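Structure record follows, encoded as C-alpha cells.
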Amino acid sequence: MAARNLCCMALRSSKLLSRPSHLLSVQMRMQMQMLSSSLPLTRKASPFPTKIKILKPNKWVFVILLLLFGIFLLLVHESGLFEWQMSMDAQSVASKLNSSGLLRTQGLIGGKWSDAYDGKTIKVYNPATGESIADVACMGGRETNDAISAAYTAYRSWSKTTAAERSKFLRKWYDLLMAHKEELAQLITLEQGKTLKESIGEINYGAGFIEFSAEEAKRIYGDIIPAPLSDRRLFVLKQVVRSYIVEEDQPTDLKGDTEVIWAKVFNFWSQIQRFIPEDMNVIQEVTMLGPHLWTQPVGVVGAITPWNFPLAMITRKVGPALACGCTVVIKPSELTPLTALAAAELSIQAGIPAGVVNVVMGNAPEIGDSLLASPQVRKITFTGSTAVGKKLMAGSAETVKKVSLELGGNAPCIVFDDADLDVAVKGTLAAKFRNSGQTCVCANRIIVQDGIYEKFANALRDAVLNMKVGDGFSEDVAQGPLINEAAVQKVESLIHDATSKGAKVILGGKRHSLGFTFYEPTVISDVNIDMRISREEVFGPVAPLLRFKTEEDAIRIANDTNAGLGSYVFTNSIQRSWRVAEALEYGLVGVNEGVISTEVAPFGGFKQSGLGREGSKYGMDEYLEIKYVCMGNMNKE
C-alpha cells in the first residue's frame, strides 16, 4: 500500500512540475525552495569567505527517483520479500520440529504410524504466509475402522488397569508436554497462526487438563444410599475397580458388620463373573480396606476437535477419557493436525499402551460416518459448529451413543454504567480479541449502557488501535491472521450487512495491508439486534457495540439467541452481578473478567451451544457409566 501511494505521489508531482512556475501554488513553490536548499553543496564549507554555488535541481530527477523507488517497493511487496524474515522463521521452526521427532505427518493406529492406505495426502498451510508446512496422510473410512478396532482391543486391558496406574501414565504425559512446551507452542503458531505468547498459554492450559485428569483419576467415588428396607443395601457404581474375590473358605481379617456385608458383595460378583463375556469383564481389583464402589468406563470414544485450539481441545477430552479407563480415536481438524500428532507422539513416549490413543485425519465425512456407524464406539465428543454438532447428534441415534457437544456461541458482554472503565475495557479486549476473535466464547455482542456508551466506545477504540497485527512469531504482536480465506470473507460479509443497515465502523473494517488472511482489529458502533453480526458468531476480530437502557433490557438482549455458552458482565455492584449472573441463560459467566476458562471448572453451554460439560470433576462423569445395584435378602444369617 505504501509503495502504491509513493508511485501515485511521484506521478502527481510530475504533473505539477510540468506546469509553468507561475501556475504552481505558493505552497508548492515553497516546498520546492525547501527541497533546493536541502541539496548537497558543490564543495565543503571553507573557513575563508567564498561564494557558495548551489546546484539547481532538475525537476525530472526528483520525479524519476521517486517513481523508481516506489516501483522498487511495489515489486518487493508483491514478490513477498517483506515476508522473507517471516518465512525464514517458519522454515527454521519446521526444521527444528522435524529433527526433534515432533513433526509427524502419518496417522497413529494401534501404536503404529501409518500413511493413508491409498497414499493420499493433504497439505497443511501456515495462515500467516500461505506457505505449505507439510503433507499429512489423508485418511478415510478404512483407516478409521482399523483405529476403532485397535482402540476396542486396547480397551479390554486399559480399562482393567488401576486408577493409580492410569494416573502415572497421564502424569508422565503431562511432564513431557511441559518439557516440550516451546516446540509445541511454535507448532501451534506455525499451523494455526495465533501469537507465540498465546500458543504458550494454550500449552499450559491444555496440559493442565492432563494433569488434572491424572489427579482426578484416583478420586472418582460412588455412593452408598440409605436403604428404605432393613434387608436392602443400595449403592451406586461410579468407578471401575478390579474384583477382589473372597472365597467361602478363604480366611480374612474382616471385622464388623460392614466388612462382612462387603465380603458378601464380592462373593456375589465372584458368582456372576463367570457369565460375563471376557471383553465385557472390566471389574477391577481393590484391597479390602472398607466399602468400595464400581463403575464402568463408557468404552471407545470418538473425539472430534477443531482448529482454533489444536492442543487444548484434544487434552480436554482425552485426559478424562483415559483417566476413566476409556480408549480414544481422535479426529483433529485437517487445518491443524500437526499439533495433535505431536501430542500423540508424546503419549507414546509416556508409555501409554498401543491402541489407547489413536489419531486419524483427512476425509472428515468418511471419518465421521465410520465413528457414528460403529457399535464399538460408545461415545462421541465434539467441539465445533452447531450445524455439525446436530448432524453428529442425529447420527449417534442409530447406535444410541453417549454424546458430548461443545458448539457455537454468541457471547454477550454487558457493560453497566457503574463498571470500572479500565477493568471493562481490559476484560473486553481479552474476551473479544484473544486468538484473533476465533474462540467459541469470544464476546460477540458488546452491550453497553447509555450512560457509559460513548466513553467506553472511545476507550475501546483507543485500546484496539494500539494492537499490533503480524506474524505470530514476531515480537509484540497481539493479533495474528485468520485461519483461512473463508474466515475473512465471512467477516467481510457480516460487516457489510451491518454497515448497510446503519452501523458505523469507528476503527478498522477492512483487510490488513499485510495481505493473506490478516484483518484489521475492528470496532463497530450503532449495532442493533436486526443485523446478522448480532445474531451470528463472527469468529473474527470485530467488536460490535450495542446500546441498552435498563438491566432488564440488557438481560433480554443477551438471552435473545439460540446459543448459550459464554457471557460476561462488568459492574461494581455485587447485588447486580448476582442477579444478572442468575438471569443469563449461559453455561459460563465471567464477572469483571474476560478470560474465565480453566481445567478445574466445568465448561459447557445451554440451549443450542451443546450438551454435557468438559473439565473439572463434572467432566469426568461424561466418560463413566453409572450403575445402581440393590442387594436384597441381606438379613439372612
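Quick caveat: nothing in here was measured; it's all calculated off a predicted structure.
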Practice item. Would you indicate whether the side-chain heavy atoms of Thr305 and Lys331 approach each other to under 4.5 Å? Key: no
Point to revise | Carboxylate-amine/guanidinium proximity below 4.0 Å for Asp553 and Arg556 | key: yes
Review point. Heavy-atom distance under 4.5 Å between the side chains of Ile446 and Phe456, does that happen here?
Key: yes
Review point. Counting N and O atoms only, with roles assigned by atom type, does the side chain of Asn435 sit under 3.5 Å from a partner on the main chain of Asn308, one being a donor and the other an acceptor?
Key: yes
Practice item. Would you give the length of the straight line joining atom OG of Ser500 to atom CD1 of Ile495, rounded to the nearest 0.5 angstrom? Key: 12.0 Å
Check your understanding: Below 4.5 Å, heavy atoms only, C-beta onward: do Val569 and Asn592 meet side chain to side chain?
Key -> no
Practice item. Please check if the distance between the ring centroids of Phe169 and Tyr174 is under 6.0 Å. Key: no
Point to revise | Donor-acceptor under 3.5 Å (Lys432 side chain, Val542 main chain) | key: yes
Check your understanding: Just how far is it from atom CG of Asp560 to atom CZ of Arg445, taken to the nearest 0.5 Å?
Key -> 7.5 Å
**Study point:** Any side-chain heavy-atom pair of Leu372 and Ser396 under 4.5 Å
**Key:** yes
Check your understanding: Tell me, do Arg461 and Leu465 make a side-chain contact under 4.5 Å, heavy atoms counted?
Key -> no
Review point. For Met467, does the CE atom have more than 12 heavy-atom neighbours from other residues, nucleotides or ligands under 6.0 Å away?
Key: yes
Review point. What do you reckon, is NZ of Lys455 surrounded by more than 12 foreign heavy atoms closer than 6.0 Å?
Key: no
Review point. Between Leu103 and Leu338, is a side-chain contact (heavy atoms from CB on, under 4.5 Å) present by the stated rule, with each step listed?
Key: CA-CA 7 Å; Leu103 188 61; Leu338 301 177; 3.9 Å; yes
Exercise for review: Please determine if Asp621 and Arg613 form a salt bridge, counting it only when a charged side-chain N lies under 4.0 Å from a carboxylate O.
Suggested key: no
Check your understanding: Stepwise, does the side-chain contact (heavy atoms from CB on, under 4.5 Å) test hold for Tyr623 with Lys379?
Key -> CA-CA 8 Å; Tyr623 299 90; Lys379 177 180 174 66; 3.5 Å; yes
**Study point:** Salt bridge flag under 4.0 Å for residues Arg576 and Glu551
**Key:** yes
Point to revise | Side-chain heavy atoms of Val591 within contact of Phe570, under 4.5 Å | key: no
Check your understanding: Quick one: does Gln438's side chain get under 4.5 Å of Gln192's, heavy atoms only?
Key -> yes
Review point. Is it the case that more than 12 heavy atoms not belonging to Lys402 sit under 6.0 Å from its NZ atom?
Key: yes
Review point. Counting only N and O atoms by type, is there a donor-acceptor contact under 3.5 Å from the side chain of Arg535 to the main-chain atoms of Ile529?
Key: yes
Revision key, fill the gap. Rounded to the nearest 0.5 angstrom, the OH-CG distance for Tyr125 and Leu335 is 11.0 Å
Review point. Atom CG of Asp471 and atom CG of Leu514: how far apart are they, to the nearest 0.5 Å?
Key: 9.0 Å
Review point. How long is the span from the CG atom in Leu482 to the CD atom in Gln489, to the nearest 0.5 Å?
Key: 11.5 Å
Check your understanding: Around atom NZ of Lys607, are there more than 12 heavy atoms of other residues, nucleotides or ligands at under 6.0 Å?
Key -> yes
Study note, to complete from the structure: In terms of heavy-atom contacts, Arg171 and Glu215 come closest through NH1-OE2, 4.3 Å
Check your understanding: Side chains of Lys181 and Asn204: does their closest heavy-atom pair fall under 4.5 Å?
Key -> yes
Point to revise | Flag if over 12 foreign heavy atoms under 6.0 Å of NZ, Lys501 | key: yes
Review point. Distance under 6.0 Å and angle within 45° of the ring axis: does Lys617 meet both against Phe212?
Key: no
Review point. Nearest heavy-atom pair of Ile210 and Gly319: which atoms, and what distance?
Key: CD1-CA, 3.8 Å
Point to revise | Heavy-atom pair with the smallest gap, counting every atom of Phe516 and Glu485 | key: O-OE1, 4.5 Å
Check your understanding: Between the main-chain N or O of Gln186 and the side-chain N or O of Thr189, is there a donor-acceptor pair closer than 3.5 Å?
Key -> no
Point to revise | Crowding at CD, Glu475 (>12 non-hydrogen neighbours, <6.0 Å) | key: no
Review point. Can you tell me if Ser474 uses its side chain to pair, donor with acceptor, with the backbone of Val477 under 3.5 Å?
Key: no
Review point. Salt-bridged, Glu614 to Lys317, with N to O below 4.0 Å?
Key: yes
Point to revise | Donor-acceptor contact below 3.5 Å, side chain Asp497 vs main chain Arg532 | key: yes
Practice item. For side-chain contact (heavy atoms from CB on, under 4.5 Å), just list the numbers for Val488 and Phe518, CA-CA rounded to whole Å, side-chain angles, deciding distance to a tenth of an Å, and then say yes or no. Key: CA-CA 8 Å; Val488 179; Phe518 290 96; over 6 Å; no
Exercise for review: Using modelled atom types only, decide if a donor and an acceptor are shared between the side chain of Glu202 and the backbone of Leu311 within a distance under 3.5 Å.
Suggested key: yes
**Study point:** Backbone of Ala364 reached by a side-chain donor or acceptor of Glu334 within 3.5 Å
**Key:** no
Exercise for review: Could you tell me whether Arg547 and Asp450 have a side-chain N and a carboxylate O separated by less than 4.0 Å?
Suggested key: yes
**Study point:** Sidechain-backbone polar pair: Ser436 side chain, Gly480 backbone, donor-acceptor under 3.5 Å
**Key:** yes
Review point. More than 12 non-hydrogen atoms from neighbouring residues, nucleotides or ligands closer than 6.0 Å to NZ on Lys490, yes or no?
Key: yes
Check your understanding: Thr386 and Gln608: side chain to side chain donor-acceptor pair (under 3.5 Å), yes or no, with the steps?
Key -> CA-CA 7 Å; Thr386 301; Gln608 293 187 32; 5.7 Å; no
Practice item. May I ask you to decide whether Arg316 forms a salt bridge with Glu599, counting only side-chain N to carboxylate O separations under 4.0 Å? Key: no
Exercise for review: In sequence, state the C-alpha distance, the side-chain angles, and the governing distance for Asp476 and Lys468, and then conclude on salt bridge (Lys or Arg N to Asp or Glu O under 4.0 Å).
Suggested key: CA-CA 7 Å; Asp476 302 324; Lys468 182 179 178 181; 5.2 Å; no
Review point. side-chain contact (heavy atoms from CB on, under 4.5 Å) with Tyr453: which of Leu546, Val448, Asp417, Ile447?
Key: Val448
Check your understanding: Is the ring centre of Trp307 less than 6.0 Å from the ring centre of Phe539?
Key -> yes
Review point. Looking only at heavy atoms, what is the nearest atom pair of Glu191 and Pro310, with distance?
Key: OE2-CB, 4.3 Å
Review point. Below 4.0 angstrom, N of the basic side chain to O of the carboxylate: do Arg511 and Glu492 qualify?
Key: yes
Revision key, fill the gap. Between Phe606 and Glu585 the two heavy atoms that sit nearest each other are CD2-C, 3.4 Å
Exercise for review: Spell out, as yes or no, whether a donor-acceptor pair under 3.5 Å connects the side chain of Gln479 to the backbone of Tyr519.
Suggested key: yes
Point to revise | Intermediate values then yes/no, side chain to side chain donor-acceptor pair (under 3.5 Å), Asp418 and Asn572 | key: CA-CA 6 Å; Asp418 64 351; Asn572 277 335; over 6 Å; no
Check your understanding: Which heavy atom of Val377 sits nearest a heavy atom of Gly302, and at what distance?
Key -> CG1-N, 3.8 Å
Revision key, fill the gap. Rounded to the nearest 0.5 Å, the CG atom of Leu322 sits from the OG1 atom of Thr327 at a distance of 8.0 Å
**Study point:** Tyr586/Tyr568 under ring pair (Phe, Tyr, Trp, His ring centres under 6.0 Å): CA gap, chis, key distance, verdict
**Key:** CA-CA 10 Å; Tyr586 292 84; Tyr568 308 91; 9.4 Å; no
